[in-house]
Amino acid sequence: MSSSPRRRSGQSDHVQLTSRQKTIIQILTKFTASRPVTVAMISEMMGVSSRTILREIPHIERWMTQNDFHFIRKPGVGLILDESVENQKLILELLEVEVIPKDYTKEERRRRILGELLYAEEPLKSYYFTSKFHISEGTLSSDLDEVGNWLQNYGIRLIRRPGLGILLEGEEGSYRQAIANVLYESIGESQIMQLLCVDPAENQLSVTVHNRVFGLLDHNTTSKVEQILTDSAHRLHIQYTDSAYVGLIVHIGLAIKRIQNNEKIEMEPERLKKLMMLPEFSVAEEICDRLQQAFSIRIPRGEVGFITMHLSSSRIWPTGEQLRQNIDSINLHQLATELIEQVEQKIGIVLHDSDSLIEDLCNHIAPTISRLSMGVQIENAQIESIREEYPEIMDATREACRDILCREIGVDDVPDSEVSFLAMHFGAALEKKLQQMQTISAVVVCPTGIGTSRILEAGLKKAFPNIDVHGTISAFHIDTDRLSRQGIDLIISTVNLTTDYPWICVSPILQAQDRRQLEAMMISLQDRKRGHPAAQTSRQMAGDDIRQIVYTGSELLDLVQNMRFDVLHAARTRAELIAKAGALFADSDRAAAEIETGLYERDQLSDTYIKQFHALMLHCRTDMVSHARFGYIRLEPPLYEQGRVIFGALVMLAPGRAEEDTVAHHLIGAISSLLVENKTLLDQLRSGDWNGSRASIEAGLGVYYKQYLRKRIGVGGK
């Protein structure tokens, strides 16, 4: 090994690292010759492909050689930094003084290229981009292909002419829409709102460079625009939604910049003539008069038209008394009814009995028709979550819009951004319908009756308030006669079952398809419950209640006072982690071995890895503890296996009698629920913040105890 690492003198071809290469070297310093790191492990940690890591290795080797470090690649074994701990610290110090150039991701680079082209006043040469971003002509060509495809959505052509350069061609409205959407896609409406409301000197929000290039968020400009919009709203008796307000400020900021740059803003005369007939046009004129005074500019008539389009799509009239002329002849109630009927037929669920759905759709359809008629495009930041949460409703709404709205308005298509807003109303109606349904009684099962089943129970409680979970049972002890006597309607399991009793199999953490299946199952179960309302009973608190309340409180305090946390260094296998977990609460070697065996058998029965937690949930019943126990083992560094990263292990133990004594079982389940509901707790455990972890668990169990009291005897508060 080398003695004191230093850069070789006299070298003029110093190897310069990228930020990605620097990160790879930092990862290498965390592993040893006896425990090498693989390319797959590095790719998992960095979130890139193994091929990407392999491309960086030769450059890293040259840097290592240049600085007298020993770097070894062993096929089938991994990557080894053959240096002492002292020299590894020196490597990290050397990396800190390295000048690392900005390393853009492919998406960042393409967005910056897009921004440069949208604001270029003349064609730009290829060399401008290759030198600016340190890329090859081939990479630039690929980037321009992607940028060109994106621009086509807005009717803008990207042109490459040898000898002239790269330029764009398109209409004013197309440029306007493209630039605004780049901004929205980059940081989102909520962050734009923060940037508008806070002075730059006090604003800690990180704004990407290309947004500064656009100049849309200049505080002096937006402050004046905000004041003008506020004054106009008071004087003209109009109001903006937050979304419309942000959109209008961004639009006007862009217009002012383009006018100050002497760029021509025009609108087709026929289109402008139609807009002048709208009541919003007079509002736009008022706003533009104030803007001209504030910024000493002349705003062309076309810009008044563009602002009118924004106002028309924003429903600025609070009373809705001034109907837009292009929708006067349309029966909104009939249109909403037709949409509901077609969506109902598609998804097979009745929705027309919803009290608010028709009203909500009528209120939304009016501005939708206006936007579609005017060709105004809007964005819906929730569109991806809507597609995931309500795939069937989204498809049904899209089909209904094409059949009904397109026919009524005379347009060729309805974009998904508009469809998704309407789908949200249908989704809300479905959720409300499910909540109003008669309560479904259910039990939850997993292979051993504890652990993952309580995570599922927490998810069910959050997503389906009308599912009353009566506890968890083992998959090996399902007594259908007893379930029937208890009035249980449904078994919700994390594994497949072989029983004639109504059951459904879902993931421990509910996925979108699980929720859809549950919704369908609940609707089908309603027929059995119609005409058989649950009897409401009341009773006096008996001695057994008092004993159970006291016992539960005592067990809860014992659990809180005996939580344990530990760190396991340099674990190579899952077995080592399980062995450590076995000893966490053991008072002897025999007890540790017994607990380890129980945890291992549970892990073999069904994989205990929880992807969302990046942790093992090690749990079992054992005679080696007499009370419920919870602990966490943090791995340093994390353990990697088959494309998974494991940051630690949750250790949950219940006494062997827990099948009869359910208090320990429920307490462990309450902590499982906390992990789902309280994201801060998981972060505290991962970071080794044991005091914070204890406080979060204690507070969560306090809430659980209050709920337990309320359910047991009807007291306890919120």
Side-chain angles (χ1 to χ4, degrees), residues 32 34-35 447-452 454-455 555-610 613-641 644-659 661 664-665 667-672 674-675 681-682 684-694 696-698 701:
T32 63
S34 61
R35 193 170 60 88
T448 58
I450 60 175
T452 52
R454 289 311 297 266
I455 294 180
E555 289 294 292
L556 187 151
L557 287 175
D558 185 83
L559 173 61
V560 170
Q561 293 169 358
N562 288 280
M563 288 187 293
R564 293 182 185 176
F565 307 97
D566 207 345
V567 179
L568 178 58
H569 295 279
R572 298 182 182 181
T573 64
R574 179 184 292 213
E576 292 180 40
L577 181 54
I578 294 176
K580 182 75 170 180
L584 191 62
F585 292 102
D587 54 10
S588 66
D589 292 342
R590 174 181 170 275
E594 287 283 345
I595 296 173
E596 179 184 352
T597 299
L599 295 176
Y600 179 79
E601 289 177 350
R602 172 61 186 85
D603 187 62
Q604 291 296 301
L605 180 64
S606 178
D607 190 4
T608 58
Y609 179 74
I610 304 297
F613 296 169
H614 293 293
L616 300 185
M617 179 173 281
L618 300 176
H619 59 283
C620 71
R621 295 191 184 93
T622 175
D623 292 331
M624 297 299 103
V625 296
S626 54
H627 304 277
R629 291 290 179 258
F630 172 80
Y632 183 81
I633 299 173
R634 179 170 175 260
L635 288 173
E636 181 60 44
L639 179 64
Y640 298 88
E641 57 173 33
R644 296 171 170 178
V645 56
I646 303 174
F647 291 112
L650 302 154
V651 183
M652 302 178 181
L653 304 179
R657 68 176 188 279
E659 185 67 30
D661 181 1
H665 174 97
L667 289 176
I668 290 175
I671 295 180
S672 299
L674 276 178
L675 294 166
L681 173 57
L682 201 59
Q684 290 169 332
L685 291 170
R686 285 182 184 172
S687 64
D689 180 7
W690 307 141
N691 290 332
S693 301
R694 290 179 187 277
S696 294
I697 294 173
E698 187 170 349
L701 288 177

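Remember, predicted model here, so these are calculated numbers, not experimental data. Atoms considered below: every heavy atom in the structure, side chains included; atoms not considered: hydrogens, waters and symmetry mates.
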Taking all non-hydrogen atoms of both residues, which atom of [X] and which atom of [Y] are closest, and how far apart?
| X | Y | result |
| --- | --- | --- |
| Arg686 | Arg634 | O-NE, 2.5 Å |
| Thr622 | Ile595 | OG1-CG1, 4.0 Å |
| Tyr600 | Ile578 | N-CG2, 4.1 Å |
| Ala571 | Leu635 | CB-CD2, 3.8 Å |
| Ala586 | Ala592 | CB-N, 3.3 Å |
| Gly582 | Leu599 | N-CD1, 4.0 Å |

Measure the [atom1]-[atom2] distance between [X] and [Y] for me, rounded to the nearest 0.5 Å.
| X | Y | atom1 | atom2 | answer |
| --- | --- | --- | --- | --- |
| Leu559 | Ile671 | CG | CD1 | 4.5 Å |
| Leu682 | Leu650 | CG | CG | 7.0 Å |
| His627 | Glu555 | NE2 | CD | 5.5 Å |
| Leu674 | Glu698 | CG | CD | 12.0 Å |
| Met617 | Tyr609 | CE | OH | 12.5 Å |
| Met563 | Ile697 | CE | CD1 | 4.5 Å |

Q: Please work out which of the three classes, parallel, tilted or perpendicular, describes the rings of Trp690 and Phe565, given edges at 30° and 60°.
A: parallel
Quick one: are [X] and [Y] in side-chain contact, heavy atoms under 4.5 Å?
| X | Y | value |
| --- | --- | --- |
| Leu568 | Leu639 | no |
| Val560 | Asp558 | no |
| Asp623 | Pro655 | no |

Q | Listed once per pair and sorted, the salt bridge (Lys or Arg N to Asp or Glu O under 4.0 Å) pairs that draw on residues 572-589, sequence neighbours left out | A |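 Passing the test, one end in residues 572-589: Asp566-Lys580, Arg574-Asp603, Arg574-Asp607, Arg574-Glu641.
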Q) Any sub-3.5 Å donor-acceptor pair from Arg629's side-chain atoms to Leu653's backbone N or O? A) no
Q. Under 3.5 Å, is there a donor-acceptor pair between the side chain of Tyr632 and the main chain of Gly688?
A.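 Flag not set: sc Tyr632 to bb Gly688 has no pair under 3.5 Å.
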**Q.** Full working for side chain to side chain contact (heavy atoms under 4.5 Å, CB included) between Leu675 and Ile610
**A.** CA-CA 11 Å; Leu675 294 166; Ile610 304 297; over 6 Å; no
